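Let me begin by presenting the structure, written as structure tokens, before commenting on it.
Atoms considered below: every heavy atom in the structure, side chains included; atoms not considered: hydrogens, waters and symmetry mates. Computed from a predicted model, the values in this text were never measured in an experiment. Positions are given from 1 along the sequence.
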Amino acid sequence: MEASSIIRVSPPLHLNSKPSSSFHKPNYLQSHRLSPCKNKTVTFRCFRTSRRAAAAPPRYFTPKIGGDRCVFPSDKPVIQRPLLDQCTRFTCFHHGRRKQFPICKSTPSAFSDKSVFHLSKHGVDNVFEKRVRVPCAAVGPEEPHAASTAWPEGVLEQQSSDNFIVDSENSEWQELQGFLSAKLPSHPKLFRGQLENGLRYLILPNKVPQNRFEAHMEIHAGSIDEEDDEQGIAHMIEHVAFLGSKKREKLLRTGARSNAYTDFHHTVFHIHSPTSMQDSDEDLLPSVLDALNEIAFYPKFLASRVEKERRAILSELQMMNTIEYRVDCQLLQHLHSENKLSRRFPIGLEDQIKKWDAEKIRKFHERWYFPANATLYIVGDIDNIPTIVHHIEGVFGQKHVDNEVPVAPKTSAFGAMANFLVPKFTGGISADSTHDRSLPLNQSKLPKKERHAIRPPVEHNWSLPGKHANLKSPQIFQHELLQNFSVNMFCKIPVNKVQTYGDLRNVLMKRIFLSALHFRINSRYKSSSPPFTSIELDHSDSGREGCTVTTLTVTAEPKSWQSAIKVATQEVRRLKEFGVTNGELARYLDALLKDSEQLAAMCDNISSVDNLDFVMESDALGHTVMDHKQSYESLISVAGTITLEEVNFIGAQVLEYISDFGKESAPVPAAIVACVPRKVHVDGVGEIDFKISPSEITAAIEEGLKEPIEPEAEFEVPKELITSTEVDNLKLLLKPSFVPTGSLYSNALRFHDIETGITQCRLSNGISINYKISKTEKCGGVMRLIVGGGRAAETLETKGAVVLGVRTLSEGGRVGNFTREQVELFCVNHLINCSLESTEEFLCMEFRFTTRDNGMRAAFQLLHMVLEHSVWLDDAFDRARQLYLSYYRSIPKSLERSTAHKLMTAMLNEDERFVEPTPHSLQNLTLQTVKDAVMNQFVTDNMEVSIVGDFSEEDIESCVMDYLGTVRATKGADKALSYIPINFRPSPNDLHFQQVFLKDTDERACAYIAGPSPNRWGYTVDGTDFLESVRNVPVNKDVHPETEGQLVKSENANFDLQKSRNHPLFFAIAVGLLAEIINSRLFTEVRDSQGLTYDVSFEINLFDRLNLGWYVISVTSTPSKVQRAVDACKSVLRGLHSKKIAEHELDRAKRTLLMKHDAESKSNAYWLGLIAHLQAASVHRKDISCINDLTMLYGAATIEDVYLAYEQLKIDEQSLYCCIGVAGAQAGDDEVSGSLQEDEYVGLQGVMPVGVAESSSDILESIIINATSSSSSSSSSSSSSSKEEEEEKPRLDLQEALEKKKLTKSLSFNGVSMPFFVKEKIDKRPLTESKIKTHLDSEETPMTPKKFLFVSSNKKMMIMVPLMKKKKKEDEHRMKLLSKKIKLSISRYTCCFC
């Protein structure tokens, strides 16, 4: 659920913003478009298991243009969500999804495993249902249409006073109450204002990133405001208004980015823009505001744009209708069954979306979209507040006309974040400036604001004590695509605004209390068959829903679901009854204060978009907005007043609905919802029905509460993992030192690059060190260990050993004599987050830490212990294997994953190193096998450690020498880096085109198109060196590197073009620009012009060590359009020669990539990726020039360079692979991908050309006759006829279709005219096999005995081609070619010789 956690309350820890980037359209083939995400979810576990997204794609479609391949997709600067705050999220102000960031999560792992196709993305333990995500219902308590969020009279007083007695006459108590009732300080830089027409605006100066700003226009209207016949119309307006804006389009060349989203209560349009043009001082703010004004208040509802967006939304609806989405909808419907939130999902209803015309949409816009019903947010590198206000007044200050009487708006504004149920898509890349502020002619046609004084409230049934009679029976959602069991117990209460020190104190106490639950549950993992996969307890505020929701989510294997519920309820009851210990109180309070102090230190490094999200969410919740320094000071003020008794009392109230379930005194759960599979796998038996009843769920809860409980024992937490004495002894023994780095730098012990600030050195044991001192993230640091090998090192006998070994190490979490729990608590105390990852070519271990309080030394200690004293456990191995087995069995239940898996298996010749290990491979592995597979790569001459952070040279080299220099030297790099050659499947073969069919209640379709490319450095799988080949290509002297945008700075204007082509990074730069250009064309052509998809993307996966790479196009569509979408994608991919790349396309691509580089270069994590492999022998072409020359290479790139890279992509039919996945009730029937819809064809109804002749001598000119042409209609038709009515319409037979369209009755084959015969008396109903046979055997058909027939699966369309009597073999060969071509282009046809 999109929400700010009131348990995750700390002063405005507003770093971790939206779960996905605001500026990228959704992509389900990679993790959030693989640009670094803003959030990195972390649990208390020192080695975290990140939140999984079951619908996310396999790792093999991860693009890694221009960066380090080992960078995890969610790697974002530590500043974005550093350290403990990523897991404790101690902020009542900061936005975070209740779903995505649980208060406590317990899974059977200590190390975080981020392996190849990545459990962290599609998730072993989140193949099961995730917790409910709620649309962004940003309904603020003060908003006119919001229901009151106050507690019912007397309830709050009763809850706060029961069982907790104080002496009210005590002077200290009275003094404390006076302090706690005082108001929290407000953000000193936040400026609020309001225009005469009612528009509210908020301005916040923020220096990061420099010379850029965010402008968000939030309209307080969303799906909750729609009438019964308007469901989805607010989302439609978002699409039409945003993409129909000409002024927004004019911003395309300024480096601006824009997007929009819709939620329950809001529609938000936002633009991220430079403050001025790069080649001038022209202020872009007026142009940006002018574009927002047009989008929000004066859109043009052109019929053509409405039809385009109608098609896009219908495609979007099918694209997002995954099983995860349907689970979330089920949870929401039961959680909010009493109000409209349960039946007003912003995406809308398909049958209604098809009906609306432009006038209907315009009327809804007139009712709700006007200045007094909107809030403008501006955050960025802007200082002159009066000037900004002047611009706002100049653009938006037009007064309303007629007899409108303004109503004074409320003092708070209301925010909205990205809506999960309506994925966002990029509406535009950027923009050119314009000062045309002219308004449409219908400016006077403004709505009456009086209509909006009162809007329908959203009423909630609160979870209150004493209402046991209202207890709802558990609800069960059962579906064949679900793999595992999950149950959610919800409690719903009003939002408690955090406005006083007392409010903040209560939030802090809840956070401390609930932080203990993870470790309580985690301690139950003592066997190889744990009863549950994960247990999460989340307590979050949602301004969008107008409530605070507590959720207990238990996921488990279906066979263990009852035991899992018992463990969860037993542990909750134990914590509630006995509370936290003194040790836990001290530990978590200290950790939260350290984390807040860390954030306060980084106060000036928070990005504008994060600050903006924080302000919007805080206003939505009614919380006081503070900056980080104020927040830390406020926390310090209240921390000293906290007592153990109060913490346990306040925390127990959160858990009562679970721990006292069934008692009259307990709050009644708002809902209990179980999501379960229809079938389960039983070893040795196979698939059997899974049976469960509501009474069994209730019984499991009650039995768990009856289990005996005991108080928690105090836990000993180590202050250090290796003592100074032990370090000194190791140094005496091993005598570590720095040695020359290599021949490149002669005998220097260190090489320091002044331009980048990067230092390279090498230890005597062979470990290479790269480090960079950076002050951009104060008191923060990141470190990454990279070892060469990865999954490529797996042999035929050890398939899956590396990835399973990494997971085993993650599951165990032990080092030396320390238990998993001790290691985790050590990391909590020192604010360390550690993750472990395996990729196809490397193993990586990454640490995030604070440089305060010896945090960096603690991180180095942990790394030392992992390398020297890792512990491999049998039970951890069993758990890891079981997780992978479960995950593999879940692949056929995911359309995206099964489709991608099939394509990769075909393209890479069934090489298991690039896909998920099979059950057979997993069963053949032993603990010793996987341990050897991993540890054989962890040899010192194969290790490179990179560190970036706010530390001194003395401190970093001391840590390096003490903890890495004392790692015993080991050899084995040559063995670790050796691998069985990797090859693409030889061509031609029968697997270039494949299909996947998934039985499902709802229809969806997706497709992947992939083909070979070189690796990042230009090497191909056949040994060709791209850089060697281009060195001999003459440079076109007429081509100047500067495009119309003057991207190349004057000092780089003479950058030698031939030198750039000799640069190691040349191919990566050129192909990165190519990817941007192709993506732009795909969006324009496939999505916008043809309306075949909502989401399409082109990505390049470039390896560093392996001599190969591949590109992939991912596209989502409907079953009836997916083949045409694939053909359109191929046409764009192959059309770069027929439609040449224009200068403005290259200029836009350069701006996009340079802007991304500039923004991310302020983060430690980005630099960590840049400096990786600088000393890796297996990546020999990477050197310091790859960093120094990066921007110059982008600037110097020409269109000719892009074409040189384009020629390296294999796009011919013999190299390209395609797999289409179709889900639906009839998917796979008769080997077709869904029923053909008459409305899918454009142009002459009833006739569609087949294929494109590549060789006229081999291709028969043919036609397809659509026997139902008279009933054809477009997908955007407003016809309200039902499918049943359409089925009853009489159908034309083939002969009638021919006569109606006056088509020729002959075909041309190699220039010879031949008659085309059709049975005249075929029934007017769909053809059947018997009718076809009768037709073929008919005496009236003179062309016997040989004919060739193509018939669609639904028997509504047919091609029949007679064979010539002569040259039989040649005819048959050509017919086979035709058959193959038609199968490729129209997959819904079966072909046969008759």
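- For the pair Ser1097 and Asn1079, the minimum side-chain heavy-atom distance is below 4.5 Å.
- Partners of Glu1028 by salt bridge (charged side-chain N to carboxylate O under 4.0 Å, His left out), not counting sequence neighbours, listed by chain and number: Arg1031.
- Side chains of Asp1201 and Tyr1206: a donor-acceptor N/O pair is absent below 3.5 angstrom, by distance only.
- Taking His920 as the reference, nothing meets the ring pair (Phe, Tyr, Trp, His ring centres under 6.0 Å) condition, with sequence neighbours excluded.
- Between Arg897 and Glu916 there is no salt bridge, since no side-chain nitrogen of the basic residue lies less than 4.0 Å from a carboxylate oxygen of the acidic one.
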(request) Determine, stepwise, if the pair Arg1061 / Thr1198 fulfils side-chain contact (heavy atoms from CB on, under 4.5 Å). (result) CA-CA 11 Å; Arg1061 290 186 181 177; Thr1198 66; 4.3 Å; yes
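- With sequence neighbours left out, Asn1107 forms a side-chain contact (heavy atoms from CB on, under 4.5 Å) with Asn1015, Tyr1019.
- Taking the ring pair (Phe, Tyr, Trp, His ring centres under 6.0 Å) definition, one finds that Tyr888 meets it with nothing, sequence neighbours left out.
- Contact annotation: the side chain of Val1132 never approaches that of Phe1098 to less than 4.5 Å [non-hydrogen atoms, C-beta and beyond].
- Thr1093 meets the side-chain contact (heavy atoms from CB on, under 4.5 Å) test with Ser315, Val1086, Arg1087, Val1096, Val1115, Thr1116; sequence neighbours excluded.
- The shortest side-chain heavy-atom distance between Arg1004 and Glu896 falls under the 4.5 Å cut-off.
- Taking the side chain as every heavy atom from C-beta outward, Glu1213 and Lys1130 approach each other to under 4.5 Å.
- Evaluation of the side-chain hydrogen bond (donor to acceptor under 3.5 Å, both in side chains) rule for Asp1212 yields Ser1215 as partners, not counting sequence neighbours.
- Take Thr795 and apply the side-chain hydrogen bond (donor to acceptor under 3.5 Å, both in side chains) test, not counting sequence neighbours, and it matches Glu797, Thr798.
- The side-chain heavy atoms of Ile1113 and Glu1099, taken from C-beta on, include no pair separated by under 4.5 Å.
- The pair Arg1181-Asp1025 meets the salt-bridge criterion, since a charged nitrogen lies less than 4.0 angstrom from a carboxylate oxygen.
- Ring centers of Trp1017 and Phe1103: at least 6.0 Å apart, outside the cut-off.
- Residues satisfying the side-chain hydrogen bond (donor to acceptor under 3.5 Å, both in side chains) criterion with Glu1085, sequence neighbours excluded, are Gln1090.
- The salt bridge (charged side-chain N to carboxylate O under 4.0 Å, His left out) check on Glu1145 picks up Arg1081, with sequence neighbours excluded.
- Using a 4.5 Å cut-off on side-chain heavy atoms (C-beta onward), Ile980 and Leu796 make contact.
- Side-chain contact check for His901 versus Cys1219: every heavy-atom pair is 4.5 Å or farther apart.
- In this structure, Lys902 forms no cation-pi arrangement with Tyr1008, as its terminal cationic atom is not both closer than 6.0 Å to the ring centre and no more than 45° off the ring axis.
- Contacts of Phe984 classified as ring pair (Phe, Tyr, Trp, His ring centres under 6.0 Å), with partners at least two apart in sequence or in another chain: none.
- A donor-acceptor distance shorter than 3.5 angstrom exists from the side chain of Arg985 to the backbone of Ala906, with no hydrogens or angles considered.
- Ser1178 meets the side-chain contact (heavy atoms from CB on, under 4.5 Å) test with Phe842, Leu977, Arg1105, Ala1176; sequence neighbours excluded.
- Every residue two or more places apart in sequence or in another chain that forms a side-chain contact (heavy atoms from CB on, under 4.5 Å) with Leu998 is listed here: Leu481, Leu895, Ala1223.
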